Amino acid sequence: MKALILVGGFGTRLRPLTLSFPKPLVDFANKPMILHQIEALKAIGVTEVVLAINYQPEVMLNFLKDFESKLGIKITCSQETEPLGTAGPLALARDKLIDDSGEPFFVLNSDVISEYPLKEMIEFHKSHGGEASIMVTKVDEPSKYGVVVMEESTGQVDKFVEKPKLFVGNKINAGIYLLNPSVLDRIELRPTSIEKEVFPKIAAEKKLFAMVLPGFWMDIGQPRDYISGLRLYLDSLKKKSSSKLASGSQFVGNVIVDETAKIGEGCLIGPDVAIGPGCIIEQGVRLKSCTIMRRVRVKKHACVSSSIVGWHSTVGQWARVDNMTILGEDVHVCDEIYSNGGVVLPHKEIKSNILKPEIVM
């Protein structure tokens with residue numbers, strides 16, 4: 001079986017982190033976002049993953065070569081010379097996706113984090129005999145999204161309604177698809193949308209079916225959703241394999257700590273914290289709802305909450321980093337500094353307080 005991951009563009013919503021790495025390589029819960037998906041695909045027998053990409057393909061491929069041998073899965077790139085939307089990349093990668101088997105293939109949006117019930121999706125796809133299956137997820141505010149209107153009992157999709165003013169349903173496209181090779185015959189090699197142009201035509205022929213995603217779902221393509229996504233992911237991890245979470249008197253709630261990180265005495269860490277490889281958390285530090293990436297040092301009695309601290313950064317003694325502060329790679333917050341929602345570009349030193357959310361160039 002094969003899969004295509006829509007990697008896409010520049011990751012502008014996750015800057016300044018994506019100024020250092022392409023978005024799929026930004027860490028989420030201590031491993032690159034895209035690795036969560038590749039591991040899930042490998043686990044259900046996918047043998048080849050194609051990355052549809054138009055930005056920094058060399059960086060992606062060099063990085064993933066290591067994982068190709070570790071996971072025993074073939075990873076290739078299909079590079080766009082111009083942005084092709086969400087359907088064009090499938091036409092571009094046609095030769096990589098089609099083989100003699102006639103097997104369906106997966107398509108995933110690289111920003112989506114979930115429990116990836118891909119095995120169940122294969123069974124669902126076989127059972128309905130249609131041309132395409134999509135995952136949908138229930139949301140509280142459907143008016144912000146494109147809503148999928150479907151027949152509850154069979155999952156047959158009736159239509160799509162973009163950002164409805166009136167309530168038509170609460171299920172939205174979750175960005176995970178299983179498609180028969182014949183779907184590729186419907187897609188032209190041009191910038192085109194699978195959600196707005198391809199799926200509505202398949203639905204009109206009553207060949208599109210939707211499966212409701214069990215468990216959590218989040219598009220982690222922007223900081224606030226990234227932090228919410230970490231909470232949902234760690235909550236799921238606790239239910240599935242709680243041994244991967246940290247335990248001890250200094251941890252509250254769900255926390256994941258890389259085995260190479262060092263944590264000082266008198267810290268209070270959690271809930272919903274990820275601490276990456278080689279980090280040093282000095283004594284008396286308070287961390288909650290945050291991600292501390294590889295080789296970060298958080299000095300004595302500092303406090304970090306609802307924020308992301310990028311690779312190789314430092315948070316000074318008694319400093320406070322709060323309210324969706326995002327520190328890019330190699331940012332140094334001096335002692336006793338307060339950051340209230342600062343978005344700081346890489347390789348900066350912060351010597352004065354950031355009192356309201358702003359971008360620090």
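Just so we're clear, the structure is a prediction, and the values are computed from it rather than from any experiment.
Hydrophobic cluster membership is shared by V7 and I73, with clusters built from Ile, Leu, Val, Met, Phe, Trp and Tyr side chains linked at under 4.5 angstrom. Tracing side-chain contacts under 4.5 Å through hydrophobic residues (I, L, V, M, F, W, Y), one reaches F67 starting from I34; they form part of the same cluster. Hydrophobic cluster membership is shared by L232 and M324, with clusters built from Ile, Leu, Val, Met, Phe, Trp and Tyr side chains linked at under 4.5 angstrom. Hydrophobic clustering keeps L84 apart from V50 (ILVMFWY residues linked when any side-chain heavy atoms are closer than 4.5 Å, directly or through intermediates). V107 is not connected to M135 by any chain of hydrophobic side-chain contacts under 4.5 Å among Ile, Leu, Val, Met, Phe, Trp and Tyr, and they are in different clusters.
Taking a 6.0 Å sphere around CD of E141, one finds it holds 12 or fewer heavy atoms contributed by other residues, nucleotides or ligands. More than 12 heavy atoms of other shown residues, nucleotides or ligands fall within 6.0 angstrom of atom CD in E151. Dense packing is recorded around CZ of R186, with more than 12 heavy atoms of other residues, nucleotides or ligands lying under 6.0 Å away. Heavy-atom contacts from other residues, nucleotides or ligands closer than 6.0 Å to CZ of R224 number 12 or fewer. At most 12 non-hydrogen atoms from other residues, nucleotides or ligands lie less than 6.0 angstrom from NZ of K288. Few gaps surround CD on E39; more than 12 heavy atoms of other groups in view lie less than 6.0 Å from it.
Closest approach of I5 to S110, counting heavy atoms only: CG2-CB, 3.7 Å. For D322 against R320, the heavy-atom pair with the smallest separation is OD2-NH2, 3.0 Å. Considering every non-hydrogen atom in both A274 and A29, the closest pair reads CB-CA, 4.2 Å. Closest approach of A246 to V257, counting heavy atoms only: CB-CG2, 3.9 Å. Here the shortest heavy-atom pairing between S20 and W311 reads CB-CZ3, 4.0 Å. Residues V148 and N173 share a closest heavy-atom pair of CG2-N, 3.8 Å.
The distance from atom CD1 of I359 to atom CD1 of I354, rounded to the nearest 0.5 Å, is 11.0 Å. Taken from CG in L179 to CD1 in I194, the straight-line distance is 5.5 Å, to the nearest 0.5 Å. Summarising the geometry, atom CG belonging to L208 is positioned 14.0 Å from atom NZ belonging to K201; distances are rounded to the nearest 0.5 Å. Here the CE-CG distance, from M218 to D111, works out to 12.0 Å after rounding to the nearest 0.5 Å. Atom-to-atom distance recorded for S313:OG and R294:CZ is 11.0 Å, nearest 0.5 angstrom. In this structure, CG on L178 lies 4.5 Å from CZ on F106, to the nearest 0.5 angstrom.
Between I227 and I308 there is a side-chain heavy-atom pair separated by less than 4.5 Å. Side chains of V136 and I172 form no contact here, defined as non-hydrogen atoms less than 4.5 Å apart. When side chains are defined from C-beta on, L108 counts as touching L41, because their heavy atoms get closer than 4.5 Å. The closest side-chain heavy-atom distance from S236 to K240 is below 4.5 Å. In this structure, the side chains of V168 and F160 stay at 4.5 Å or more apart for every pair of heavy atoms. Here the side chains of V46 and E48 are not in contact, with every heavy-atom distance at 4.5 Å or above. In this structure, the side chains of E68 and K74 come closer than 4.5 Å at one or more pairs of heavy atoms. Between E152 and K171, the closest side-chain pair of non-hydrogen atoms falls below 4.5 Å.
Panel note: side chain Q283, backbone I263; no donor-acceptor pair is recorded below 3.5 Å. Checked by atom type and distance alone, the side chain of S289 never pairs as donor or acceptor with a backbone atom of S306 at under 3.5 Å. Formation of a donor-acceptor pair under 3.5 Å by the T18 side chain with backbone atoms of F21 is not found in this model. Under the 3.5 Å distance criterion, the side-chain polar atoms of S307 are matched with a main-chain donor or acceptor of S305. Proximity of a side-chain donor or acceptor of T314 to a complementary backbone N or O of H332 within less than 3.5 Å is not detected. The backbone N or O of I113 lies less than 3.5 Å from no partner atom in the side chain of W217, so there is not a single donor-acceptor pair. Using modelled atom types, one side-chain atom of N30 and one backbone atom of I275 make a donor-acceptor pair closer than 3.5 Å. The backbone N or O of Y116 sits nowhere less than 3.5 Å from a side-chain atom of Q37 that would complete a donor-acceptor pair.
Using a 4.0 Å cut-off between a side-chain N of Lys or Arg and a carboxylate O of Asp or Glu, D185 and R94 qualify as a salt bridge.
With ring centers used as reference points, Y177 lies under 6.0 Å from F199. The distance between the ring centers of Y226 and F28 falls below 6.0 angstrom.
Using modelled atom types, one finds no donor on one side chain facing an acceptor on the other under 3.5 Å when comparing N180 with S182. With no hydrogens or angles considered, a side-chain donor-acceptor pair links N323 and N340 at under 3.5 Å. H347 and D330 share a side-chain donor-acceptor pair at under 3.5 Å.
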Could you walk me through whether L71 and L35 pass the side chain to side chain contact (heavy atoms under 4.5 Å, CB included) check? CA-CA 10 Å; L71 293 171; L35 209 55; 4.1 Å; yes
Show your working on side chain to side chain contact (heavy atoms under 4.5 Å, CB included) between I280 and V298 and close with a plain yes or no. CA-CA 6 Å; I280 296 172; V298 182; over 6 Å; no
Carefully, step by step, assess Q156 and K206 under the rule side chain to side chain contact (heavy atoms under 4.5 Å, CB included). CA-CA 7 Å; Q156 187 174 309; K206 304 199 179 322; 3.1 Å; yes
Which is it for K262 and E282 under the salt bridge (charged side-chain N to carboxylate O under 4.0 Å, His left out) test, yes or no, and what are the steps along the way? CA-CA 8 Å; K262 293 183 169 61; E282 296 184 4; over 6 Å; no
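Classified by interplanar angle (parallel below 30°, tilted 30° to 60°, perpendicular above 60°), the ring pair F209/H128 is parallel. Ring-plane geometry between H36 and Y233 is classed as perpendicular, the angle between the planes exceeding 60 degrees on a 0 to 90 degree scale with a lower cut at 30.
Considering only residues two or more places apart in sequence or on other chains, T86 meets the side-chain hydrogen bond (donor to acceptor under 3.5 Å, both in side chains) condition with E195. With sequence neighbours excluded, no residue forms a salt bridge (Lys or Arg N to Asp or Glu O under 4.0 Å) with K300. With sequence neighbours excluded, no residue forms a salt bridge (Lys or Arg N to Asp or Glu O under 4.0 Å) with E329.
Of the listed residues (K238, K239, R231), just one forms a salt bridge (Lys or Arg N to Asp or Glu O under 4.0 Å) with D235, and that residue is K239. Considering L213, I44, I176 as possible partners of P117, the one that fulfils the side-chain contact (heavy atoms from CB on, under 4.5 Å) test is L213. Paired with L287 under the rule side-chain contact (heavy atoms from CB on, under 4.5 Å), one option of L268, I269, V309 passes, and it is I269.
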